[in-house]
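Since the structure comes first, as structure tokens, the remarks are kept for the end.
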Amino acid sequence: MQFWNFLAIRLVQAFFVVFIVVSIVFFVSRVVGHPETFLLPQDATNEDIELVKEKLGLNDPIVVQYGNYLWELARLDFGQSFRGGGTSTISSIADRSVNTFKLGAAALIFAVGVAAPLGIIAALKRGRVIDWVARFLAVIGQATPSFWLGLMMIFFFAVELGWFPTGGSKGFKSLILPAISLGLLEMAAIMRLTRSGMIDVMDTDFIRTARAKGLSERVVVMRHGVRHALLPVVTVLGIGLGRLIAGSVIIEVVFAWPGIGRLIIDSIISSDFPMVQTAIIVLAASISLANVVVDMSYRLIDPRIRAGGL
Amino acid sequence: MAQDVAVGGVAPLERRRRGIRWRRWLALSFPGAIALTLVITGVFADLLATHDPNFIDLAARLQPPVFDGGSWAHPLGTDSLGRDIYSRLLHGARISLIVVVIVVPGAALIGTLVGMLSGWMGGLVGQVLMRIVDVQLALPSILFAVLMASVFGPSLRNVILILLIWTWSAYARLVRADVLSLKERDFVTASRSVGGNGWWIMRKHLLPNLVNTIVIVMTLEIAIVILAEAALSFLGVGVPPGTSSWGRMITDGREVMNRAWWPIWLPGLALLIVSLTGNLMGDWLRDELDPRLRNLR
């Protein structure tokens, strides 16, 4: 029961967060920006401007516009794009979101797939060569600007060596370079976390007990150590997801990857405000939901939190 | 209060620490020297630069650095418009420095205030403040930055504003967590029992206990802020065109990446070294002041 209560509270909080994001995006783009000026040629007459403003409802009091906007959102009407003959914004975003999701998932798989084993091994072989390599990788990974790394990798692996395409999203090969550039920072963070968590765990009494009762080192490490060391990783995944999505914007630009991030940048350049608004709302909603899922799964994984209640 | 702060097992730890103290300081010397260099180059960019960073000399386009066959006229070569890369790097360091000097303390101030208030007051105010933090986490700052830049146009002022919005919540979350546990401690109860009001307790009893955390996060945030400014400028929504920022230099270098390595390598390396320095200093401080924050990033 407590689980469901907590889920309900978190969902309400997430809804509230998305609502605030919607409001911020609305006011920044409507009140401060002037969407009508982008729709008209430079030499448009005042009458033309008035006509367009009237049509878009921009002459209504701002509160009315805000109300209308919220009402449209409530009916899941996200409006039409200014470009491309007024296609529905939400369907363009749905098309693109698959690519962003693919990129994010690949980056996450790369990050966890490299960081978790390396972090665990580094902790077990503390002070040895593999530990130094892992720590060096973590320090470099955290300091490297992702977009610069992406450009460098394009130069070496795509232009010079020709192993991968320089950009676009054709096939599995085109996914590798962007996923590494995007995942590197997360990899470094997760590796540090796994390593320090593992070091702490291997010092605890229950590991000594496990060894004392004659379990093989393999079982001690895998069954008792790793499970504990990976627990905090789940919590950083929540923040990590947000960072991945934000980071994907710049990586998508570098690799000409047709995802939501690039769509937003393109739309902003061409002042396609409905598209920008919808895309930001969709991203904010996904991040909030992902955080709820991470919170909940953490409670499912760790019995101590479940027992402790809220 | 002294008893409260001192945790068990301090004495042997002190002794062990003092024995290898010089090695600890040695570990700081390398990042410290680089940080000092960055500050000096940023402050004295005008004096140290050999050229006007924005002086275009098309006759001297893409000159290689002196160690790659170039001449001393342009020690680190020139970019695709013939601008002197050495001078541009120096002025780029100044931009990074300005951003760091304003954003890091500013974000720390806002984050600490929000974190302390929401932790101390709890209840509705605390809830609302923490939801604002959630909003900040859910709204990818880079998108908000792009939106703002498209509305207001790119400028250094906007970059600073955006980075403030981008980074303050990191402090708020940690400070709040610390305050929540600190306020249950005996010295807070004691202060309250002798009539200390909320403001007094926050200032005199909570803040001194929070300083370590805040200073560590501030140091670690230096690299984040510098990289974020570069990312924004790289996307074209950071500092305006014509300003020499490392992020912009990378954008410019990208165009000629196939023909010349230095216009993109040098600013990238500068970024890498500086953010590495920030992280190393942050790690060092954390190990010295508060090892339990090890999992911070």
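Only this structure's heavy atoms are used, side chains among them; waters, hydrogens and symmetry mates stay out. Labels below follow one simple rule: chain letters A, B, ... track the order of the sequence lines, proteins then strands, and each chain is numbered from 1.
Of the two parts of A/Val249, only the side chain, counted from C-beta on, holds a non-hydrogen atom closer than 4.5 Å to a non-hydrogen atom of chain B. Within the 4.5 angstrom heavy-atom criterion, only side-chain atoms of B/Leu235, from C-beta onward, approach chain A. With a threshold of 4.5 angstrom between heavy atoms, B/Trp261 does not approach chain A through any atom at all. Both the backbone and the side chain of A/Val139 come within less than 4.5 Å of a heavy atom of chain B. For B/Leu269, the parts sitting under 4.5 Å from any heavy atom of chain A are the backbone and the side chain alike. Residue contact with chain B, scored on non-hydrogen atoms closer than 4.5 Å, involves the backbone and the side chain of A/Val254 alike.
Judged purely by atom type and a 3.5 angstrom limit, A/Trp148 uses its side chain to pair as donor or acceptor with the backbone of B/Ile264.
Looking only at side-chain heavy atoms (C-beta outward), B/Val135 and A/Ile24 come within less than 4.5 Å of each other.
In terms of heavy-atom pairs under 4.5 Å with chain B, the best-connected choice from A/Ile250, A/Leu149, A/Val21, A/Ile20 is A/Ile250.
Atom CZ of A/Phe155 has more than 12 neighbouring heavy atoms from other residues, nucleotides or ligands inside a 6.0 Å radius.
A salt bridge between A/Arg135 and B/Asp283 is absent, with no side-chain N of the basic residue lying under 4.0 Å from a carboxylate O of the acidic one.
Heavy atoms only, all atoms of each residue included: A/Phe147 and B/Leu227 are closest at CE2-O, 4.5 Å. Between A/Leu151 and B/Arg254, the shortest heavy-atom contact is CD2-NE, 3.4 Å.
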